[in-house]
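Everything below concerns the one structure shown next.
Bear in mind the structure is a predicted one, so any value in this text is a computation, not a measurement.
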Amino acid sequence: MNKNNTMKEICEALARADTVLIFPHISMDGDTLGSSIALCKGFRGLGKTAHVLIEEEIPEYLKFIDDGSCTFDLDVISEPDLCICVDCAHIERFIHRKDKFFEGKVTMCIDHHRTSECFADFNHIDHSAAATGEIVFNVLNEMGVAIDKGIGEAIYAAIITDTGNFQYSNTSVNSHLITAELFNLGIDHSYVCMMLYQNDRIEKLHISGKILGTIKMMAQGKAAMAYVTRDMLERAGALMTDTEGTSEILRNISGVELSLFAKETQFDETKFSIRSKTWVDVSEISMKYKGGGHKRAGGFTIKKPAFEAIKMIEADIEEYFASHSGENDN
């Protein structure tokens, strides 16, 4: 495993590159896409050739961030000087672009997950950052990039989505200080918030109702789980991206410490989003299933049909709370 590099070391490596490919993780969220696009725009401002390489459509609620930075073209840069994965704790987070990533003459990972592995030539993993967007802000400043309105709004989207609008426990003084600087740069924070949170498709409301009808309480009301199947999505005319935020809705239930949301992505594959409020370390649970994340937010995939996977998880969650009986029990 390679070492975790200093800010100075990664900025020196970035300065040496003329052509850069940037890799956000699959199931894109505001942090990975906002951070990637901010980097891309910053590098272009320095005269570098830069693109954000994606393998799936950008979720509707995030499309406003992209101004032409993103591409599906694996050959957009034939032999990149540098390939950077952003907000990716594991290679599996960009598995279908993995070969292209390692075509880079130099590889780099910029991330903030506690479960992140130093698999690139250069790695800057800052667990104290609430969002990778905070790290990117510091990188661009260190490199002398003039952070304009577009870059600032991409970073703002990254920070507010990964801090839950500054509600989550990962929010720090730096989160607010960086945001204050972005405000001073003239970002339109109302526009960003409107696009992120007041721009739902009607199909999202339809599928949300169906999902909430599947809620099951566990561990004497301390855990809540819900699910969505491909059939449910089809009947509602919805997309999987329309289910974003469900884990947080479940966590908001009074008395719930742990929430799980199961998504049937394929017949024999179920993805889980897992969240906690105060004391459960969800990264510990996620890593049991070869997933990852933070103390309060994580995810993992089980190679089983939805209802088989759910039954297995139910048993594990009941056992988890039984074995932690009395912990933080107020």
Give a yes-or-no answer on whether the side chains of [X] and [Y] include a donor-acceptor pair shorter than 3.5 Å.
X    : Y    : value
D188 : S190 : no
N174 : S172 : no
R275 : S259 : no
D121 : T107 : yes
S128 : D126 : yes
S116 : D111 : yes
E60  : T241 : no
T243 : T246 : no

Margin query: Against the six-membered ring of F101, is R93 placed for a cation-pi contact (under 6.0 Å from the centre, within 45° of the normal)?
Written below: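 Because its charged atom misses either the 6.0 Å distance or the 45° angle limit, R93 does not stack over F101.
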
Check: If you link I, L, V, M, F, W and Y whenever their side-chain heavy atoms are under 4.5 Å apart, who else ends up in the same group as L177?
Finding: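 Result for L177 is V173.
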
Item checked: Other ILVMFWY residues reachable from I202 by side-chain steps of under 4.5 Å -> L205

Looking at side-chain heavy atoms only, is the closest gap between [X] and [Y] below 4.5 Å?
X    : Y    : value
P80  : V20  : no
T32  : T132 : no
K105 : L82  : no
V280 : K222 : no
V228 : M240 : yes
L140 : V136 : yes
D268 : E308 : no
L39  : S36  : no

Next item on the list: Could you walk me through whether C88 and H113 pass the side chain to side chain contact (heavy atoms under 4.5 Å, CB included) test, one step at a time?
Entry: CA-CA 8 Å; C88 299; H113 292 92; over 6 Å; no

Item checked: Qualifying side-chain hydrogen bond (donor to acceptor under 3.5 Å, both in side chains) pairs with a residue from residues 139-154, counting only residues at least two apart or across chains ->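 Sorted pair list: K149-E153.
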
Next item on the list: Scan residues 203-216 for pairs that pass side-chain hydrogen bond (donor to acceptor under 3.5 Å, both in side chains), counting only residues two or more places apart or in two chains.
Entry: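 For residues 203-216: K216-E314.
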
Notebook entry, point to check: Under the ring pair (Phe, Tyr, Trp, His ring centres under 6.0 Å) rule, what pairs show up with a residue in residues 215-254, not counting sequence neighbours?
Noted result: Y227-F307

Closer than 3.5 angstrom, by distance alone: can the side chain of [X] be matched with the main-chain N or O of [Y] as a donor-acceptor pair?
X    : Y    : answer
N123 : A120 : yes
T270 : K263 : no
S175 : T171 : no
E318 : M218 : no
D162 : I159 : no
S323 : E319 : yes
R114 : S283 : no

Above 12 or not: heavy atoms from other molecules or residues under 6.0 Å from [atom1] of [X]?
X    : atom1 : value
K98  : NZ    : no
M232 : CE    : yes
R235 : CZ    : no

For a quick test of reading the model, state the closest non-hydrogen atom pair linking [X] to [Y] and the distance between them.
X    : Y    : result
I54  : C70  : CD1-CB, 4.0 Å
M217 : A224 : SD-CB, 3.8 Å
K100 : C83  : O-SG, 3.8 Å
G133 : D31  : N-OD1, 3.0 Å
N170 : A130 : ND2-O, 3.0 Å

Next item on the list: Could I get the full list of side chain to side chain donor-acceptor pair (under 3.5 Å) partners for H51, not counting sequence neighbours?
Entry: R44

Note to self: Under the criterion side chain to side chain contact (heavy atoms under 4.5 Å, CB included), I'd like the reasoning laid out for F23 against V86: C-alpha separation, chi angles, the key distance, then a yes or no.
What the structure shows: CA-CA 6 Å; F23 294 66; V86 177; over 6 Å; no

Note to self: Would L196 and F64 count as a side chain to side chain contact (heavy atoms under 4.5 Å, CB included) here? Give the steps.
What the structure shows: CA-CA 9 Å; L196 288 172; F64 77 97; 3.8 Å; yes

Margin query: Is the distance between the ring centroids of Y197 and Y61 under 6.0 Å?
Written below: no

Notebook entry, point to check: Do the two ring centres, one from H294 and one from H112, sit under 6.0 Å apart?
Noted result: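 H294 vs H112: aromatic centres under 6.0 Å.
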
So, taking the atom named [atom1] in [X] and the one named [atom2] in [Y], what distance separates them when rounded to the nearest 0.5 Å?
X   : Y    : atom1 : atom2 : result
I91 : R97  : CD1   : CZ    : 12.5 Å
H90 : I95  : NE2   : CD1   : 12.0 Å
I65 : I37  : CD1   : CD1   : 6.0 Å
L62 : T161 : CG    : OG1   : 7.5 Å

Checklist line | Y320 and W279 aromatic ring geometry - parallel, tilted or perpendicular at 30°/60° bounds | finding: parallel

Next item on the list: Could you label the plane-to-plane angle of the F272 and F300 rings as parallel, tilted or perpendicular, counting under 30° as parallel and over 60° as perpendicular?
Entry: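 F272 and F300: parallel rings.
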
Item checked: Worked check of salt bridge (Lys or Arg N to Asp or Glu O under 4.0 Å) between K303 and E269 -> CA-CA 4 Å; K303 296 287 187 179; E269 180 180 274; 2.6 Å; yes

Note to self: Between L46 and F137, is there shared hydrophobic-cluster membership here, with clusters defined by ILVMFWY side-chain heavy atoms closer than 4.5 Å?
What the structure shows: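 L46 and F137: one cluster.
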
Check: When you check the gap from the basic side-chain N to the acidic O, do D81 and K48 get nearer than 4.0 Å?
Finding: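 So D81 does not pair with K48 through a salt bridge.
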
Check: Can V282 and K295 be said to form a side chain to side chain contact (heavy atoms under 4.5 Å, CB included), step by step?
Finding: CA-CA 5 Å; V282 303; K295 282 188 175 181; over 6 Å; no

